[in-house]
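Data block below; observations after.
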Amino acid sequence: MKSANPIFTHPAIKLLSKCKTLNTLKQVHGHMITTGLALHTYPLSKILLSSSVLELTYAHTIFDHIQNPTVFLFNTLISSVITNHRCQTHLAFSLYNRIILSGDDKLKPNCFTYPSLFKACRSQPWVQYGSVLHAHVLKFLEPECDHFVQASLLNFYANCGKLGVARYLFEQINKPDLATWNSLLTAHTRNDADSCLSSEVFRLFNEMQKSLVRPNEITLVVLIGACADLGALYHGMWAHAYVIRHCLKLNCYVGTSLISMYLKCGCLGLAYQTFDKLPQRDTSCYNAMIGGFAIHGYGQKALQIYEKMRILGVLPDNVTFNVSMFACSGVGLVDEGCKVFESIKEVYGIEPTLEHYGYLVDLLARAGRLQDAEKRIKEMPMKPKATLWRSLFAGARIHGNVAIEKVALKHLLELEPETSDNYVFFSNMYARVNKWEYVNRVKKAGS
DNA sequence: GTAGGGTTAG
């Protein structure tokens with residue numbers, strides 16, 4: 001009987017993934033050095049992976065001490081940098097450069113090198129390197145490179161708006177697999193809900209079914225999103241039924257997309273039914289439902305969901321705070337909205353963002369608590385944007401407070417001297433209080 | 001035998 005290679009099954013390797021601190025990891029690493037285990041590629045890759053998650057510089061130090069690292073080890077570190085330390089992407093590219101410039105015939109990039117690099121190329125400033133990498137794929141890999149590389153290439157082009165190229169690449173793929181189909185479908189949902197592209201999702205979904213690739217939860221999330229963009233309620237309900245009929249998991253992604261689809265189609269009741277029946281709910285599910293109640297004018301209901309979230313220990317995020325305050329704002333639940341704002345720092349230890357202040361000011365200004373709103377703007381730690389002054393201005397105008405209206409407009413004109421609307425507001429305000437000489441002056445300034 | 005691609009909310 002063939003016994004398992006002890007290098008792959010060594011207990012120290014299992015221990016590595018359980019290390020929660022760098023110190024414990026160093027102990028295991030030390031043990032692996034003394035036993036000679038750290039000389040082999042497989043255990044080394046596990047050390048690199050675990051250490052790069054905890055402390056990237058430590059992983060780099062280990063890597064730099066490896067004599068002639070194999071492409072396998074390069075790939076391990078490249079993908080870990082991109083997955084766990086996105087802001088250090090430059091390190092991944094410099095590792096890649098070391099492969100390319102090594103001059104070593106044995107060290108060449110392979111199929112595993114590219115997918116994570118293409119993923120990195122989806123955000124700036126790395127987008128420009130995508131086409132260079134594409135050239136490298138053609139240079140270093142066999143013409144029939146595998147589905148992972150093809151799908152990541154497709155995603156890269158789709159992401160930078162080159163849908164035509166993405167579709168061309170898809171057509172070159174022999175028997176696209178599930179993830180490749182999903183990549184193509186996703187590519188059609190990126191262009192700001194273009195309705196032609198959303199209908200194309202339906203056609204592609206049919207093609208996919210004909211090709212006998214079975215859609216999964218991700219496919220359905222994309223399909224349901226397309227239904228939402230088109231406001232196609234019956235298609236959306238069909239997709240919902242498909243999930244149930246094909247025993248797909250009603251996970252948080254599927255759940256959130258269904259809730260959002262029902263809301264966009266104006267069916268608050270169906271959205272809530274779906275939310276209520278979800279076997280699991282994460283922050284996004286709650287955000288969608290709170291936002292849904294808020295938009296439909298059920299502030300109290302929205303707050304109940306927010307409260308339920310708190311009781312069940314589901315952590316809110318920035319969106320939760322925004323939609324909850326928005327819910328309060330719409331129905332004049334001022335104190336409740338202020339409580340949400342205060343809890344951001346006091347309960348969750350998060351520093352409120354400019355956007356949070358925006359919702360707070362809107363809430364106070366709409367309710368006529370203009371001095372409070374003004375005070376909040378003046379006391380906020382960051383420079384207020386024009387939108388905040390606009391909220392204050394709108395509140396002051398509705399509640400007839402000319403003094404605050406004037407203050408808000410002055411700031412608006414300072415921040416947006418090019419926006420002619422602000423001059424119109426200003427001259428209208430003076431006209432309302434019969435200060436005609438100012439009206440003419442403002443008109444001149446704005447022209 | 002070890003590494004890589006696709007999904008949600010205001």
Side-chain angles (χ1 to χ4, degrees), chain A residues 2 4-5 7-9 13 40-49 52 70-80 82-83 109-120 122 145-156 158-159 166 170 173 176-187 189-190 213 215-226 228 248-249 251-261 263-264 271 275 278 281-295 302 316-327 329 355-356 358-359:
Chain A
K2 199 177 157 188
N5 187 335
I7 286 178
F8 291 99
T9 53
I13 292 175
H40 300 273
T41 289
Y42 179 66
L44 263 177
S45 81
K46 291 292 177 194
I47 296 169
L48 282 177
L49 201 63
S52 62
T70 58
V71 69
F72 179 93
L73 292 174
F74 271 102
N75 292 346
T76 304
L77 198 52
I78 288 175
S79 85
S80 176
I82 291 165
T83 311
N110 63 15
C111 287
F112 290 86
T113 315
Y114 291 99
S116 50
L117 287 171
F118 278 119
K119 200 173 178 182
R122 280 196 241 163
C145 57
D146 70 4
H147 281 167
F148 284 85
V149 179
Q150 290 174 313
S152 59
L153 249 171
L154 192 165
N155 283 315
F156 163 71
N159 188 57
F170 181 83
I173 298 171
D177 66 4
L178 174 61
T180 312
W181 270 108
N182 286 345
S183 294
L184 182 70
L185 286 162
T186 309
T189 61
R190 290 207 178 97
V213 174
N216 71 350
E217 288 78 6
I218 297 178
T219 324
L220 265 293
V221 168
V222 177
L223 186 71
I224 294 162
L248 294 181
K249 257 176 87 179
N251 64 22
C252 296
Y253 284 100
V254 177
T256 307
S257 65
L258 281 171
I259 294 168
S260 162
M261 180 273 295
L263 289 169
K264 281 189 183 157
F275 172 83
L278 284 183
R281 298 182 200 98
D282 65 1
T283 308
S284 294
C285 302
Y286 280 96
N287 290 352
M289 200 61 244
I290 296 171
F293 276 128
I295 281 188
D317 64 6
N318 286 338
V319 177
T320 319
F321 300 130
N322 287 344
V323 287
S324 303
M325 284 195 280
F326 177 67
S329 183
E355 229 182 334
H356 295 143
Y359 281 100

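Per chain, numbering begins at 1; letters A, B, ... match sequence-line order. Computed over heavy atoms, backbone and side chain alike; hydrogens, waters and symmetry mates excluded.
Shortest non-hydrogen contact noted between A:Leu48 and A:Thr76 is CB-CG2, 4.4 Å.
Note: CG (A:Leu263) to P (B:dA9) measures 11 Å, nearest angstrom. Distance CG (A:Leu258) to C1' (B:dA9): 13 Å, rounded to an integer number of Å. Residue A:His40 contributes atom NE2, which lies 17 Å from atom P of B:dG1 at whole-angstrom precision.
With sequence neighbours excluded, no residue forms a ring-ring contact (aromatic ring centres under 6.0 Å, His included) with A:His147.
Heavy atoms of A:Gln150 sit nowhere under 4.0 angstrom from any nucleic acid atom.
The base of B:dT8 has none of its N or O atoms less than 3.5 Å from a complementary donor or acceptor on the side chain of A:Ser257.
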Run the side chain to side chain donor-acceptor pair (under 3.5 Å) test on A:Thr320 and A:Asp317 for me, step by step, so that the C-alpha distance in whole Å, both residues' side-chain angles and the decisive distance to 0.1 Å come before the verdict.
CA-CA 5 Å; A:Thr320 319; A:Asp317 64 6; 2.9 Å; yes
For nucleotides 2-7 of chain B, 5' to 3', base contacts (B), sugar-phosphate-only contacts (S) and non-contacts (-) with protein non-hydrogen atoms under 4.0 Å give BBBBBB
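You'll find the side chain of A:Leu153 reaches within 4.5 Å of the side chain of A:Phe118, heavy atoms only. Side chains of A:Asn216 and A:Asn182 form a contact here, defined as non-hydrogen atoms less than 4.5 Å apart.
Proximity of a side-chain donor or acceptor of A:Ser260 to a complementary backbone N or O of A:Thr256 within less than 3.5 Å is not detected.
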